[in-house]
Amino acid sequence: MTQHRRRGSTRQVIRKRAVVAAAFAGTVALGTGVGVWASSDGGGGTPEGGARHSSSGRISGTGADPARPGTPSASPGPSYPLSRTPRTIPAVRSHTPARGPGWQPRGGERVVVSDPALADEGRLIAGELGLTYAGEKGDTRAGDVRLALGGGGGNRESYTMTVRDGRVDISGPGEAGVFYGTRTLKQEVHGGGTAPEGVVRDEPAKPVRGFMLDIARKPYSEAWIEDRIRELGDLKFNELGLHFSDDQAFRIQSSTHPEIVSPVHLTKAQVKRIVDLADSRHITVVPEIDSPGHLGAVLAAHPDLQLRNVNGVATRGAIDISKPASAKIVDDLLNEYAGLFTGGQWHLGGDEYQALTVQSPGASYPQLAAAARQKYGSGATVADLATGWLNDRAATVRAHHRTMRAWNDGFFRDTSVRPAKDLQVAYWTGKEIGARQPAGYLDAGRRVINYNDEFLYYVLGQPQTFVYPTGQRIYEQWNPRVVRGTSAVPARYDGQILGGTFAVWGDFPDAQTQDQVAAGVRMPLRATAQKLWDPGTPALSWADFRKLADRLG
């Protein structure tokens, strides 16, 4: 972005550039949390000779010339103390301060882009800040916001934002990073009126930052979901999970099996709008058709596929995986919705198959035991058959070039059939008897996504031992390595933990209205966003973080 160039002699311009160069010398290392907000006039800052602050508030240098140790700081201008780190959610991870007025929209400024691929990002921030979107332009003007691709390292979600000379320049190696830079600019302006002078260098610690919504048990309107997408985008989340099939309902229109669709559902046109809006915010919609359990709505229209025990008693939500027709109907749905959900991620479910919760699955379900032996050999078990089912569904989705995950209790111990190596583990609970600890999956080389039900599960009606999670508890006690319960796995596993997902489940759908859910998850989402972007201890207290959230809206 171009800022107003001050009038004056060439010598004055050179002198002022020298001051800026001295203020910019050195780079603040990536840190944790946030520093102190710039004052409303954009200068913010410390008194003469003030120290440079990283986002964690640690002093990392002074205004002295780094090339000449011991030299005094350059004299500040008459009204511009050293800028301070902006406050945003999540916090920026690095800010190099400078002296100057900062930037604020005053009317008539442009948003220009270096590449047509950034048109969506440009139009969005222009509309949000009341600017003019001017498209691709090679010239610079005072007040410009310029978005550009290029620079940076290999992280496509990283960005650099420079506020200098009356302009804002946001660049990154990928479109997502540039988008996140615009989110930072939006928050700076909305929260304090001004983007402070200096350079922000920012990137997320974790590549998976998700919010999951159970629309099967409780339907949500298209407008409500779209509002959450806008909220998620501003918080730099990059996934929205939709669990749309369960025992209670099947909530999306189907052309292959219209008989299974519940009366209250989203049309494909509505879902396409949701997916398109999410895509414009660099959010991947992750669909989940859970199987072989949680298929009650499908089975209501196909009772012949319901799993029955040796006494002929139907098993709730469970499909009979010994029948070829069971695989066909689920694969029909997986293939159909792969054309609707175009992102690269897919959730296969795999949890709570009731045939495996009884004392002797083979005796209780002899048809499953017989099918296992026929397919995998004389020593095969019902758990082998269930593992093979998950692998077969993975093969169906893999053909659509998706990356797949399944719930951790869909991975069974001591089976001769091994789960597909490319399946990621969505670890949600370890409360059941004999459950594997997270390290069991990590030691096997699995990549894990943290859905820890101790912190990240918002279960309507608070059944069993669930309580509504608080943002404060997430903010102060959780990080992505706290996968099960309240204890973190060793740091050596950090690279295998891809991130986390905050989940809303509708066990008692009438316990809260849509608006109450939105209000209830507001601060937990912000706390989760902070800890996925930067897992370290935040610099702000919870009380200050909450005040910041209220200011940013």
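Any value given below was found using the heavy atoms of this structure, including those in side chains, with hydrogens, waters and symmetry copies removed. Counting begins at 1 with the first residue of the sequence.
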Any pair counted as ring-ring contact (aromatic ring centres under 6.0 Å, His included), so long as it reaches residues 515-535, sequence neighbours left out: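 Qualifying pairs, neighbours excluded: Y180-W533.
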Nearest 0.5 Å, please: how far is [atom2] in [Y] from [atom1] in [X]?
X	Y	atom1	atom2	value
S221	E226	OG	CD	8.5 Å
Y427	L442	OH	CG	9.5 Å
I125	L118	CD1	CG	13.0 Å
T162	D169	OG1	CG	6.0 Å

Listed partners of [X] passing salt bridge (charged side-chain N to carboxylate O under 4.0 Å, His left out), at least two apart:
X	result
D115	none
K137	none
E121	none
K186	E128, D234

Give a yes or no on whether the backbone of [Y] and the side-chain of [X] come within a donor-acceptor separation of less than 3.5 Å.
X	Y	answer
K531	N479	no
Q345	V286	no
R251	I215	yes
Q516	T513	yes
Q530	A91	yes

Closest approach of [X] to [Y] (non-hydrogen atoms, all atoms of both residues):
X	Y	answer
E109	R106	OE2-N, 2.6 Å
P480	P535	CD-CB, 3.7 Å
K268	L340	O-CD1, 3.8 Å
V200	P86	CG2-CG, 4.3 Å
E136	S114	OE1-O, 3.8 Å
V113	Y133	CG2-OH, 3.6 Å

Modelled atom types, side-chain donor and acceptor of K272 and T267, under 3.5 Å: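 No pair is found: no donor N or O on one side chain lies under 3.5 Å from an acceptor on the other.
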Distance-only donor-acceptor check, side chains T194 and Q104, under 3.5 Å: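 Side chains of T194 and Q104: pair found under 3.5 Å.
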Using a strict cut-off of less than 4.0 Å between a Lys/Arg side-chain nitrogen and an Asp/Glu carboxylate oxygen, indicate whether [X] and [Y] qualify as a salt bridge.
X	Y	value
R99	E197	no
D510	R217	no
D227	R230	yes
R405	E239	yes

When the side chains of residues 481-492 are checked against the rest of the protein, which donor-acceptor pairs come out under 3.5 Å, sequence neighbours left out?
from	atom 1	to	atom 2	distance (Å)
R481	NH1	V489	O	2.4
R484	NH1	G430	O	3.3
R484	NH2	G430	O	2.9

Audit row: D507, L460, side chain to side chain contact (heavy atoms under 4.5 Å, CB included) steps and yes/no: CA-CA 6 Å; D507 290 40; L460 297 188; 5.8 Å; no
Test applied, salt bridge (charged side-chain N to carboxylate O under 4.0 Å, His left out); reference residue, D534; option that passes from K236, K206, R93: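 Exactly one option meets the salt bridge (charged side-chain N to carboxylate O under 4.0 Å, His left out) with D534, and it is R93.
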Audit row: T184, Y159, side-chain hydrogen bond (donor to acceptor under 3.5 Å, both in side chains) steps and yes/no: CA-CA 10 Å; T184 295; Y159 68 92; 2.5 Å; yes
[X] vs [Y] side-chain heavy atoms within contact, under 4.5 Å:
X	Y	answer
L147	S171	no
P287	L242	no
P196	E188	yes
P101	W103	no
N450	W428	no
E157	N238	yes
I170	T160	no
L525	F211	yes

V199/M161 under side chain to side chain contact (heavy atoms under 4.5 Å, CB included): CA gap, chis, key distance, verdict: CA-CA 6 Å; V199 181; M161 183 173 75; over 6 Å; no
All pairs passing salt bridge (Lys or Arg N to Asp or Glu O under 4.0 Å) where residues 445-455 contributes a residue, at least two apart: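 As it turns out, the salt bridge (Lys or Arg N to Asp or Glu O under 4.0 Å) pairs with a partner in residues 445-455, which skip direct neighbours, are K431-D453, E454-R473.
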Pairs flagged by salt bridge (Lys or Arg N to Asp or Glu O under 4.0 Å) wherever residues 516-529 is involved - sequence neighbours left out: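 Those involving residues 516-529 are E231-R526, R522-D550.
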Stepwise ring-ring contact (aromatic ring centres under 6.0 Å, His included) check, W407 with Y451: CA-CA 9 Å; W407 298 114; Y451 288 75; 4.9 Å; yes
Test salt bridge (Lys or Arg N to Asp or Glu O under 4.0 Å) applied to R281 and D120, step by step: CA-CA 9 Å; R281 263 64 172 181; D120 287 345; over 6 Å; no
Kindly write out the residues that satisfy ring pair (Phe, Tyr, Trp, His ring centres under 6.0 Å) with [X], not counting sequence neighbours, or none if the list is empty.
X	value
W346	none
Y493	none
Y468	Y458

Solution key, residues 540-548 side-chain donor-acceptor pairs under 3.5 Å, sequence neighbours excluded:
from	atom 1	to	atom 2	distance (Å)
S541	OG	D544	N	3.1
S541	OG	D544	OD2	3.4

Aromatic plane relationship, W505 with H243 - under 30° parallel, 30 to 60° tilted, over 60° perpendicular: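 Plane angle over 60°, so perpendicular.
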Side chain to side chain contact (heavy atoms under 4.5 Å, CB included) assessment of I449 paired with T501: CA-CA 7 Å; I449 301 167; T501 296; 4.0 Å; yes
Intermediate values then yes/no, side chain to side chain contact (heavy atoms under 4.5 Å, CB included), V285 and D279: CA-CA 8 Å; V285 180; D279 186 61; over 6 Å; no
